[in-house]
There are 2 protein chains.
Amino acid sequence: MAKNITISVDAMGGDNGPEIVLLGAKMSLLERPNTKYIFHGREDELKPILKKYPELEAVSEIRHCDVVISMDEKPTQALRKGRGNSSMWNALQSVADGEADAAISGGNTGALMAMATFCLRPMEGISRPALAAIWPTLRTEIVVLDVGATVGADAQQLIDFSILGAAMARALFDMKEPTVGLLNVGVEEVKGLDAVKEAAKELSSHTGGGYQYHGFVEGDDIGKGTVDVVVTEGFTGNIALKTAEGTARQVGTYLRTALTQNWVTKLGALIASGGLRTLRNKMDPRNANGAVFLGVNGIVIKSHGGTDEIGFKSALGVTYEIAHNRLMDRIKNGLKRYEKSGVSEEHDDDKKNDEVASA
Amino acid sequence: MAKNITISVDAMGGDNGPEIVLLGAKMSLLERPNTKYIFHGREDELKPILKKYPELEAVSEIRHCDVVISMDEKPTQALRKGRGNSSMWNALQSVADGEADAAISGGNTGALMAMATFCLRPMEGISRPALAAIWPTLRTEIVVLDVGATVGADAQQLIDFSILGAAMARALFDMKEPTVGLLNVGVEEVKGLDAVKEAAKELSSHTGGGYQYHGFVEGDDIGKGTVDVVVTEGFTGNIALKTAEGTARQVGTYLRTALTQNWVTKLGALIASGGLRTLRNKMDPRNANGAVFLGVNGIVIKSHGGTDEIGFKSALGVTYEIAHNRLMDRIKNGLKRYEKSGVSEEHDDDKKNDEVASA
């Protein structure tokens with residue numbers, strides 16, 4: 001039988017309030033019954049909502065706190081105001097205290113990253129955390145990091161991101177050795193890429209880190225799904241992610257305009273509506289919701305602040321999967337293997353630990 | 001009557017040989033009859049093709065040379081091999097010598113940028129050139145630079161790019177003061193963005209540079225068309241451009257799959273084919289072909305190497321427009337105005353010069 005997973009939830013995070021958070025949790029519970037929840041937030045707001053979902057109430061606990069971090073607070077302000085007493089901090093604290101397997105918040109991204117770093121502390125051997133997105137591609141979903149935790153990265157940090165991202169891909173997609181590509185530009189002999197070049201040299205000379213190093217990839221390789229994990233520094237990663245979101249919306253708008261231009265195209269669209277629905281599902285950003293904050297001592301998931309219950313449910317799904325598949329152990333194995341470098345008989349560490357864990 | 005524009009063409013550049021180059025020129029000539037061409041390349045290859053298009057032949061000249069730069073040569077190799085004697089170099093030399101208004105090549109991007117820098121020399125007051133893309137958005141076409149000329153940019157270089165990009169937007173879209181946005185990430189208090197922050201400070205304190213500074217924009221603002229000119233350094237710009245191309249292709253593939261999933265959707269697609277054709281045109285990368293290499297003493301256009309005659313015709317259209325609208329003067333005006341900073345009665349320099357030029 002599968003082990004229970006306890007998820008600690010910042011129930012006040014996000015633009016749409018605790019209603020969508022709790023409704024999302026109720027929906028997720030139907031798919032993953034062995035989940036328990038700790039909801040952090042204002043009891044007077046949460047209790048009446050939870051009352052509506054008895055099956056959720058049965059596996060949930062409310063932890064009251066008054067302070068809520070707003071979406072526009074700067075990370076330093078948020079830390080001053082909410083350290084030790086806000087729904088966001090307390091959600092993380094439950095992970096730090098070992099009573100929850102993972103924390104999730106739809107709140108202020110910068111504040112969450114700052115609080116996660118303070119509350120859970122950076123992992124040993126990782127100098128800087130990264131935010132990893134799950135990116136739908138033509139082949140399958142892939143992991144792209146860093147999408148905005150920090151700006152710039154030296155070679156060692158790009159290597160760290162490779163190990164972190166590969167561990168996340170192993171946990172999320174149940175694969176043994178995901179392929180890793182370093183994002184680069186195609187123009188030859190461009191100067192200034194010392195960090196990327198040095199990281200490439202290091203990555204190709206090591207084996208055993210729980211991934212296969214593929215080489216450089218370019219921007220258009222992301223959508224193709226050329227590799228399982230795309231690694232870059234946070235400025236470029238954030239721009240790439242938002243540019244792709246913008247382009248998908250742009251093409252969607254073109255399509256709507258094209259199909260409503262006259263009654264003939266409207267009729268055609270009506271007849272093809274089954275196919276267009278498939279397309280809409282494929283392009284629904286709610287289905288790819290949930291970024292993972294990697295490199296701290298605990299699992300932290302960022303849900304999109306503007307999402308609804310469907311989107312929050314998706315993010316809870318990601319949270320469950322990587323907690324259930326022991327992300328933290330996989331990262332530690334990746335780091336250990338990388339240190340040993342080349343010891344290929346260690347490749348089954350993930351598996352071994354899983355067996356120990358579920359024993 | 002409009003002044004004749006002479007375009008110097010690297011007729012050997014690109015993956016698809018001189019056939020598509022000359023056919024594209026023939027097609028472009030129909031739209032812009034006051035064009036003259038100088039084709040650089042192997043006479044024995046070019047002459048028979050040109051013979052097929054007598055109307056093109058009448059306004060064209062072939063300049064023979066043997067050396068052709070291949071698509072996979074490194075810039076330094078290309079310079080060694082083709083400096084002073086290749087179709088690419090000679091196309092640029094015609095601009096340097098003042099016998100052509102602009103040069104165009106579909107060849108090796110890195111080689112073209114290196115040769116353009118050597119042959120035409122960087123403009124006074126511009127420390128580094130940039131490659132600018134014309135980007136279709138939901139609002140209109142916009143200019144995005146740098147999309148890969150160099151990696152990294154300090155504050156002064158970002159300001160230079162703003163002036164260059166704004167001048168290009170004025171020349172290409174016939175606007176007086178395009179809005180300029182600096183590409184940035186949304187996360188608050190992220191460290192490491194000193195160049196972007198400093199450039200923002202400078203840009204907002206100056207007026208009169210031939211643009212309106214809008215502020216920071218994020219990746220998804222590109223597709224929305226929030227500003228007329230998006231400025232960033234070359235690594236991020238290149239990744240953003242290719243990521244967008246990849247995403248557009250991805251969504252296109254989703255759409256095709258969705259509309260061919262069964263006979264009902266196929267029927268619907270057939271009926272809506274008029275609308276889908278509009279969409280296909282909107283998304284056709286050939287219509288947005290032609291990047292501009294800015295910051296050297298002359299107009300240099302890079303056509304996509306893999307394009308066909310339709311794409312090459314588009315790039316020739318861009319070449320014609322920015323030559324006809326006196327891009328170089330507009331850049332000089334932008335630089336001069338920026339130096340003077342705030343002298344708003346100088347805003348009509350572009351116009352005045354145009355009048356002088358066409359007198």
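Chain letters run A, B, ... following the sequence lines, proteins first and then strands; every chain starts at 1.
Between chain B and the options A:Pro136, A:Ala114, A:Ala111, heavy-atom pairs under 4.5 Å are most frequent for A:Pro136. Between chain B and the options A:Ala258, A:Gly237, A:Gly246, heavy-atom pairs under 4.5 Å are most frequent for A:Ala258. Highest contact tally toward chain A, considering only B:Gly252, B:Ala240, B:Gly225, is held by B:Ala240 [criterion: heavy-atom pairs under 4.5 Å]. The greatest number of non-hydrogen atom pairs below 4.5 Å with chain A, out of B:Gly223, B:Gly234, B:Gly275, is found for B:Gly275. The most heavy-atom pairs under 4.5 Å with chain B, out of A:Leu241, A:Thr278, A:Thr260, A:Val251, come from A:Val251.
Of the candidates A:Val185, A:Thr232, A:Thr236, A:Thr236 is the only one forming a side chain to side chain contact (heavy atoms under 4.5 Å, CB included) with B:Thr236.
Both the backbone and the side chain of A:Ala244 come within contact range of chain B, judged by heavy atoms closer than 4.5 Å. With a threshold of 4.5 angstrom between heavy atoms, A:Ile222 approaches chain B through side-chain atoms but not through N, CA, C or O. When heavy atoms are compared at a cutoff of 4.5 Å, B:Ala269 approaches chain A solely by way of its backbone atoms N, CA, C and O. Proximity to chain B (any heavy atom under 4.5 Å) is shown, for A:Asn184, by both the backbone and the side chain. Proximity to chain B is limited to the side chain of A:Trp135, based on heavy atoms less than 4.5 angstrom apart.
The shortest heavy-atom contact between A:Ala272 and B:Thr265 is CB-O, 3.8 Å.
When only modelled atom types and interatomic distance are considered, A:Gln250 and B:Thr137 share no side-chain donor-acceptor pair under 3.5 Å.
The CG atom of A:Leu279 sits 9.5 Å away from the CD atom of B:Gln261 when rounded to the nearest 0.5 Å.
A:Thr243 has its side chain out of reach of B:Asp220: every pair of non-hydrogen atoms, C-beta onward, lies at least 4.5 Å apart. Side-chain contact between B:Leu276 and A:Leu259: present, with at least one pair of heavy atoms (C-beta onward) separated by less than 4.5 Å. In this structure, B:Tyr254 and A:Leu138 have side chains that are in contact, with non-hydrogen atoms separated by less than 4.5 Å. In this structure, the side chains of A:Leu183 and B:Ile239 come closer than 4.5 Å at one or more pairs of heavy atoms.
For A:Phe118, the CZ atom sits in a loose shell: 12 or fewer heavy atoms of surrounding residues, nucleotides or ligands are nearer than 6.0 Å. Counting non-hydrogen atoms of other residues, nucleotides and ligands closer than 6.0 Å to NE2 of A:His214 gives a total above 12.
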